[in-house]
S.K.: 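Sending over a structure as C-alpha cells; questions will come in a sec.
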Amino acid sequence: MRFLLCVGGVEPSVETVRFGARIARAFEADLSVLYVQPRVPHAVREEMRLAREKLEEWEIELPGVKVLKAAQKILLQEGSVRTGPSGEAVVRHAMKPGVRGAYELHIYGIHGENLRFRLREGDIVSEINKEVESDQLDLVIFGASQQRHILQKLVHFIDCSILVAKNPKDVKYTFLICTDNSPTSRRAELFGAKLARFVNSPVQLLSVAKFKTREHMAMECAERASNSLTKAGVAHSTIVRIGNVVDEIAALAREDTLVVMGTSRMPAWKKLIFGSKPLQVVERVPCPVLIVM
Amino acid sequence: MRGFLYWAIQHKWLLVAFVAGGLLLIPPLPADLSPKGREALVIALVAMILFVTEPIPLPTIALLIAVSQVLFSIATPTRVAHTFMNDSVFFILGSLMLAVAIVKQRLDRRLAVAIFRFTGPKIERIIFGIISVCGLMASLIGEHTVAAIMLPVVMSLIRHAGEDPKKAPRLSALLLFSVAYACAIGGLGTPSGGARNAIMIEYWSRLYHIKVSYFDWIKYAYPLVILQTPVLWSVLLRRFKPEKTDLSTAIRKLKAQVLWEGKMRSRDWLAVAIFIFTLLMWVFLSGKIGLGTPAFIGVSLYLIAGLVEWEDLNAGVNWGVFLIYASTISLGVAIEETGAAGWVAQKFMQATSAMDIHAGFPLLASVAVLTVAVSSFISRAPALGILTPIVLSVARDTGTSVLAMGFATALASAFTYMTVIGSPPNTIIFSSGYVQTKDYLRAGVWMTVASLLLLLLYAETYWRLVLPA
C-alpha cells in the first residue's frame, strides 16, 4: 500500500508524523512525506529557481527542506527508518529536484519500504492530487487545519481516502466504524476493519437511523456490516442509534476514538455550499477521522 | 463535475475578469470614445485583473492580449506581431540572457569575499558594502538576478554569525533587506536595471519620438541611486538594530568556505571583460545601434567563448516574462493608437480640474504616489506597461514634461518596499524564511516616504536643470 503524509508550518507536528508513521508501519506501506509550499509568482519563478540553485551550491537548506528533514528525524526516532551501522538512514538518493515534478529525498523503511520526502510548490489540493495520481495512493494523512476553508478543500477535493489526524495521541484507539449501506461506507467498513486488525484495536460498529420509522433499516444495515466484520475476523460491538448521524458520532467519539466513515455522496457544489457530513464530523469530534472513498 | 467545480474555485478571478470585460462591452459607447478604443480598454482591464490575481500562468495573459487584439480587429496579426517585437523587447531578452551567462560564471563567492575584505567585520560597514555593491550590480544586470546571487551570501553570513536566526531576527532582517532594497534602488539607475525602464524608453520613442539612450538614462536617474544609498543604510540600521555588531567569526568562516575557489582564472577575466565591453557599447553606442544589439553581441560573445551553453540560456531565461513584457508594450501601443489613452487622460483631467493636481509638479507627485501604490500589489512591469501610455497622454495634454512624467513613473515604481510581492528581490528574500511580512512594513514605510520625498525634490531641482523641455 502507499500512503502520503502531509506536513506543514515552520516545523512539522511531531504527533501527526508519529501517528502517520504508526499507521504506515501497521500496513508496512510505502510512505511519502509531502510539504507543499505556496507557489511563487510567475514573474520571479526563474529567479527563485536560480536562488535555490545558489542556496544548494552554498549548502544552505531551503525552508521546506528543513521541515522535511525534521520529519525524517521524527521517523528515525520512531524506528520507522532502516539505519546503517552508524545509525544513519539508508539513503537511496539524497534530496534532488525534478523527481516527478518535486524535490525528493528517498530512504528505506525498516522493512525495506520506500520512504520519500517530497517538496512541492503550488495549491495544496492540486499538488496532493498530483501525488495521488502519480503514486496511485491508498491513503492521504494530514493534520486538522485550523483554517476551515483549507480543511474544507482537503476533505472535499482530494481524490483518495483521507485520514485527518486530529489530536493524534500515542494511545490504543477504539475504532468507530460508521455504516449506512452506501458503497463508500462498505469500503470504509473493510478499510477500518483491516486497519483495526493490524493495530489490534477494539471496534464499534455504528448505524444511525434519522427517524424511528427507519430504525429497522439501520438495524439491517448494522447486521450486514457486522457479518462482514465477523467474516474478516474482527471482534466488534454494534450500536444502533436514532437521530442526526453527525450528532450521534460526536456523542460517541472520545479522544481515543478513531472515526471511520465513507465520503459524502452529495454533489460537489452542495458540499461546498452546505458542507458535508464528513466535514462536520471532522469539525466536531476531538479525534482522528478516516474518510474512505 | 467535482473537478470542474474545483477548477472554477481556483479560477474564479478568471471568470470575474471575463464577465467584467463582457459587461463593459454592453452599455452604449461614450460619444468621444471609438469602439476600438473601448475594446482596447476592456482588454487592458481584463489583463490588469488577471495580472493582479494570477489565476492563470502570466504568459497566458500575454498570449490572450495578442489574440484579443486580432479578434477585436484592433490590429492586424502582422501589426500585433510588429508591436510585440522591438528594440526594447530585444534589450529585455538580451539582458535576461546576459544575467544567466553571468550567474553561470559562479563569481558570487569571490564577490562575497571581495565585499567583506573591503568592509571589515563591523555590521555598519558590512551593510554599507552590501548596499553599494548590490545597488551597482542591480543597475547593470537586473535587480532579481542580483538578489538571487546575494541571497546565499547573506544567508551564509547569518548562519556563520553563530546566532540562531530565530533568536537574532533583526540581524537576519537587516542583512536580507539590505540586499532586497539595494537591488530595488539600484534597478532604477540604468535601462538594464529593470524591464520597466526599457518599456518606458520604448514608449517615449514609439509614441513621442523622444530618444533616450543608455547614457541619458544614467545621467537623469543614477544620481537618485547615489542619494538613496545613505538613506537606505540609515533607515535599515535604525529599524533593525542588530543583536550582534561584530561579524568577525562569520566572515572568517565564510572566507574559509570560499578559499578553495582559488585565484581568478583567465575564463573568469574573459567573462568580466565581455560584460564591460557590452556595458561600454550600451553607454556609447546605444544612440546609434539601439539597446538590444549590444546585449545580443554580449550574449553571442559568451556563447562563442564557451563561457555559457545555449542549454543554460534556454533553461535559465524566463521566456514567459519576456513574453509578458512584449505583450504589455503591444497593448500599450494599442491603447494609444485607438485613442483610448487620450480619452482616459481627458476624463482624468475633467475629474481633477477642481483639484490642484491636474498639471505640472502636483500631477507628477500624484502619479508618483499612485505608481507606488499600484506597483506594490501588481507585478510592476505589466502594470506600468498598460498604465504608462495613459499617464504620458495626461502629461502631454496638460503641458507637463512627458520625459519627467515618464521618469517619475518608472523610478517611483521601484519604491515597492512594503510588500512581499512588490518586487522580485522582496519575494526572493522572503523565501529564506528569515523575514516576516510585518518586517516589510517596519522598514518599508520609512523607505517609501523617504524615497518619494527624495524623488520629488530631485524632480524639482536636478531635472529642472538637466531634462530637455
Side-chain angles (χ1 to χ4, degrees), chain A residues 9-11 35 37-67 97-98 119 121-129 133 149 152-159 263-273 276 293, chain B residues 1-6 8-10 51 54 56-61 96 99-100 103 106 108-109 112 142-145 147-153 155-156 158-159 166 254 257-258 315-321 324 379-382 420-421 423-434:
Chain A
V10 181
E11 284 171 5
Y35 179 85
Q37 53 191 21
R39 186 179 289 285
V40 175
H42 198 282
V44 289
R45 208 162 287 166
E46 284 304 319
E47 289 73 24
M48 283 301 302
R49 196 180 55 78
L50 178 68
R52 284 173 187 157
E53 273 177 20
K54 285 281 160 199
L55 286 171
E56 277 170 24
E57 279 175 20
W58 285 69
E59 293 168 1
I60 297 171
E61 282 167 358
L62 302 167
V65 176
K66 271 187 194 168
V67 176
L119 176 66
E121 195 179 284
D123 169 67
I124 184 159
V125 173
S126 305
E127 296 308 310
I128 290 174
N129 278 339
E133 198 180 327
H149 71 280
Q152 191 181 26
K153 271 168 54 173
L154 289 167
V155 170
H156 291 156
F157 292 108
I158 292 179
D159 300 329
T263 53
S264 169
R265 284 164 291 163
M266 275 161 73
W269 65 270
K270 264 193 179 174
K271 280 196 258 185
L272 199 71
I273 296 167
S276 63
M293 183 172 251
Chain B
M1 178 64 189
R2 191 160 155 265
F4 173 75
L5 189 68
Y6 190 69
I9 294 167
Q10 292 301 100
F51 278 132
E54 211 177 323
I56 50 176
L58 290 188
T60 319
I61 308 170
L96 291 172
V100 174
V103 168
R106 300 181 62 164
D108 41 327
R109 289 166 192 267
E143 53 184 13
H144 37 70
T145 312
I149 290 173
M150 289 300 288
L151 180 68
V153 176
M155 280 184 74
S156 208
I158 294 165
R159 197 175 56 170
K166 284 181 197 151
L254 194 137
Q257 193 184 355
V258 299
V317 169
N318 195 336
W319 299 98
V321 165
I324 291 163
S379 188
R380 288 178 298 186
V420 176
I421 57 163
S423 72
N426 286 6
T427 314
I428 288 170
I429 65 158
F430 189 71
S431 72
S432 69
Y434 291 167

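Letters A, B, ... are given to chains in the order of the sequence lines, protein chains preceding strands, and every chain is numbered from 1.
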S.K.: Heavy atoms, side chains only, cut-off 4.5 Å: are B:Gln10 and A:Lys153 in contact?
M.R.: yes
S.K.: Once you round to the nearest 0.5 Å, how far does OG of B:Ser431 lie from CG of A:Leu55?
M.R.: 6.5 Å
S.K.: Side chain, backbone, both or neither: which part of B:Val153 has an atom under 4.5 Å from a heavy atom of chain A?
M.R.: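 Both parts, heavy atoms under 4.5 Å.
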S.K.: Return the CZ to CD1 distance between A:Arg52 and B:Ile428, rounded to the nearest 0.5 Å.
M.R.: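 Going from the CZ atom of A:Arg52 to the CD1 atom of B:Ile428 covers 10.0 Å.
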S.K.: Indicate whether any N or O donor in one side chain lies under 3.5 Å from an N or O acceptor in the other, for B:Tyr6 and A:Asp159.
M.R.: no
S.K.: As an exercise: rank B:Gly320, B:Ala315, B:Ala99 by heavy-atom pairs under 4.5 Å with chain A and give me the winner.
M.R.: B:Ala315
S.K.: Counting C-beta onward and ignoring hydrogens, is there a side-chain heavy-atom pair between B:Leu151 and A:Lys54 closer than 4.5 Å?
M.R.: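 Side chain of B:Leu151 against side chain of A:Lys54, heavy atoms only: no contact under 4.5 Å found.
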